[in-house]
Amino acid sequence: MQIIEVPVVIVGAGPAGIATAGCLNKLRISNIVLERDDCPVSLWRKRAYDRLKLHLGKDFCSLPHYPFPSDFPNFVPRVDFLRYIDSYIAHFNIAINYNCSVDSALIDQSNGKWRLLVTNNSSGADEIYEAEFLVVASGENSEEYIPNIKGLESYQGESMHCSKYLNGREMYKKNVLVVGCGNSGMEIAYDLSTWGAYTSIVVRSQVHYFTKEMVYAGMLMLKHFMVDKVDKMMVLMSKLKYGNMFKYGLTRPKEGPFALKIKGGTTPTIDVGCIEKIKKGKVKVYPGISSIKEGKVVKFVDGQHAHFDAIIFATGYKTNVLKWLKDYKNLFNENGMPKPSYPNHWKGEHGIYSAGFSKRGLEGISFDAKKIANDINFTLTSRVNQITS
Ligand SMILES: Cc1cc2nc3c(=O)[nH]c(=O)nc-3n(C[C@H](O)[C@H](O)[C@H](O)COP(=O)(O)OP(=O)(O)OC[C@H]3O[C@@H](n4cnc5c(N)ncnc54)[C@H](O)[C@@H]3O)c2cc1C
Ligand SMILES: NC(=O)C1=CN([C@@H]2O[C@H](COP(=O)(O)OP(=O)(O)OC[C@H]3O[C@@H](n4cnc5c(N)ncnc54)[C@H](OP(=O)(O)O)[C@@H]3O)[C@@H](O)[C@H]2O)C=CC1
Ligand SMILES: O=C(O)C(=O)Cc1c[nH]c2ccccc12
């Protein structure tokens, strides 16, 4: 089989892979992006709900060396973000091989290079790529996570992960349970309710909630003030706007929102109207699920039970790194996340890098892409300098 040799292979054409390719192209370093899907940014194009907008202001979400157009709104809608990515790809002349699933990547002991076995999903053919540098950009959100709930296998209603949810058109007057109160769960519960579904949401842990304007203000304040000061302001703003939500089933964590984000990557929930719906009784809050019984009945840990026509699991994602990256141990841990903590998470040994694994959204992705391209450039130029001197 013919081996395709490239200096840099990037796995994944999401924002992280594309940003890294853009930075490398700017430095004239040849690279190829391999993408299992048939389009770029498939998470945003195919696995996100209709009403999705960027939650952070656009100054925190643009990719390197290419700001958003000035006429874009501050909170960019999904379709405009896709337009922006398409023009980023054209501007930096980024080469992407679509329908290419990377099945395995390991170090070829004979020459020390990364060897990738790839299935071309359109032709069915196998391909081999070899590269000195490997950029893992397959995403923190590459595998849907649905918890193991007792009785779920015998549930007789409709159940899906939120990445399959587009809108609530089909849910009018149906009893729908959303599991999870992260950004996906809270927004989907709001959306369902606006489409006329009888909506409930499972909130099993403490949660911070803010408007997107509050988070934007917080991000700006972080440029000048310490995290604990900003966190105090954030919680104060949230209390002033929403009050105490204990009686509705929501309690705030003791630790501040940005401290939690920095420590573990837990993202505070950005409220797009769900809290108001909860207060008005339009969205009912339940605690954790204990089991699913008798066709469509869900039992909760406090003993309540109710009947649901559909369950939407907004229970998060996992990475798929360990499924295909065989020589992972010099950069990734057993959960498929980088071993070194931020800001050292982006580089391993033997020319391996991670882009988009710092739980810092698009801002973190820009940081990684620039670091990786500069580091590869440094390695290559130092070698040329050694040869010429
Ligand atoms: C619904 C949603 C909304 C978000 N909104 C924001 C926001 O407003 N602001 C913000 O800063 N962040 C946001 N994020 C977080 C983050 O910025 C996005 O998830 C972003 O898309 C991550 O980019 P990525 O390139 O790292 O991963 P992805 O976008 O997941 O891209 C990874 C790519 O790799 C491909 N791939 C995976 N495995 C393989 C393989 N083995 N072979 C070939 N290809 C492979 C996938 O098909 C995918 O296209 C959001 C996340 C979600 C889920
Ligand atoms: N517009 C935007 O910018 C948006 C951004 N996003 C981002 O995408 C990423 C993924 O978000 P999201 O899809 O919300 O996933 P998250 O991982 O952020 O949230 C998962 C939620 O599911 C809950 N959960 C998990 N397992 C169970 C269970 N067995 N029973 C009950 N609840 C459970 C978690 O609760 P617990 O804490 O108890 O584990 C948590 O509330 C995040 O970074 C998010 O910020 C998502 C949507 C929109
Ligand atoms: O949407 C996400 O998960 C993000 O990581 C974006 C993000 C980065 N920093 C933040 C701080 C507060 C809320 C969202 C984010």
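Numbers for residues simply follow the sequence, beginning at 1. When a ligand or atom number is given, it counts from 1 through the structure's own listing order.
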At under 4.0 Å between heavy atoms, what of Asn183 touches ligand 2? The answer is both
Under 3.5 Å between some N or O of ligand 2 and some N or O of Tyr317? no
Numbered atoms and elements of ligand 2 in range of Val179, under 4.0 angstrom, heavy atoms: 30 (N), 31 (C), 32 (N)
Name each N or O atom in ligand 3 that is under 3.5 Å from a protein N or O, and give the partner atom and the distance.
| unit_1 | atom_1 | unit_2 | atom_2 | d |
| --- | --- | --- | --- | --- |
| ligand 3 | 3 (O) | Thr267 | OG1 | 3.2 |
| ligand 3 | 5 (O) | Lys261 | NZ | 2.9 |
| ligand 3 | 5 (O) | Gly361 | N | 3.2 |

Enumerated ligand 2 atoms positioned under 4.0 Å from heavy atoms of Ser205: 36 (P), 37 (O), 38 (O)
If you measure every N or O of Lys53 against every N or O of ligand 2, does any of those distances drop under 3.5 Å? yes
Under 4.0 Å from a heavy atom of Thr267: which atoms of ligand 2 are those, numbered in the order shown and with their elements? 43 (O), 45 (O)
Out of Arg204, Lys318, Arg360, whose heavy atom sits nearest atom 39 (O) of ligand 2? Arg204
Below 4.0 Å from any atom of ligand 2, is there a heavy atom belonging to Ile289? no
Short N or O separations between ligand 1 and the protein, below 3.5 Å:
| unit_1 | atom_1 | unit_2 | atom_2 | d |
| --- | --- | --- | --- | --- |
| ligand 1 | 8 (O) | His55 | N | 2.8 |
| ligand 1 | 11 (O) | Leu362 | N | 2.7 |
| ligand 1 | 19 (O) | Asn141 | OD1 | 2.8 |
| ligand 1 | 21 (O) | Trp44 | NE1 | 2.9 |
| ligand 1 | 25 (O) | Pro15 | N | 3.1 |
| ligand 1 | 25 (O) | Ala16 | N | 2.8 |
| ligand 1 | 38 (N) | Asn320 | ND2 | 2.9 |
| ligand 1 | 41 (N) | Val102 | O | 3.1 |
| ligand 1 | 42 (N) | Val102 | N | 3.0 |
| ligand 1 | 44 (N) | Arg36 | N | 3.1 |
| ligand 1 | 47 (O) | Glu35 | OE2 | 2.7 |
| ligand 1 | 47 (O) | Arg36 | NE | 2.8 |
| ligand 1 | 49 (O) | Glu35 | OE1 | 2.7 |
| ligand 1 | 49 (O) | Glu35 | OE2 | 3.2 |
| ligand 1 | 49 (O) | Ser42 | OG | 3.4 |

Using non-hydrogen atoms of the residue, decide whether Tyr49 is closer than 4.0 angstrom to ligand 2. yes
Using heavy atoms and a threshold below 4.0 Å, how should the contact between Pro147 and ligand 2 be classified: side chain, backbone, both, or neither? side chain
Applying ring-ring contact (aromatic ring centres under 6.0 Å, His included), can you list everything that pairs with Tyr216, at least two apart in sequence or on another chain? Phe60
Using a 3.5 Å cut-off and no angle test, enumerate the donor-acceptor pairs between side-chain atoms of residues 72-80 and protein atoms at least two apart in sequence or in another chain.
| unit_1 | atom_1 | unit_2 | atom_2 | d |
| --- | --- | --- | --- | --- |
| Asn74 | OD1 | Lys58 | N | 3.1 |
| Arg78 | NH1 | Trp44 | O | 2.7 |
| Arg78 | NH1 | Arg45 | O | 3.4 |
| Arg78 | NH1 | Ala48 | O | 3.3 |
| Asp80 | OD1 | Arg83 | NE | 3.4 |
| Asp80 | OD1 | Arg83 | NH2 | 2.9 |

Looking only at protein heavy atoms, which one is nearest to atom 14 (O) of ligand 2, and how far off is it? Ser184 N, 3.0 Å
I want to confirm something. Looking only at heavy atoms, which of Ala314, Gly316, Gly185 is nearest to atom 21 (C) of ligand 2? Ala314
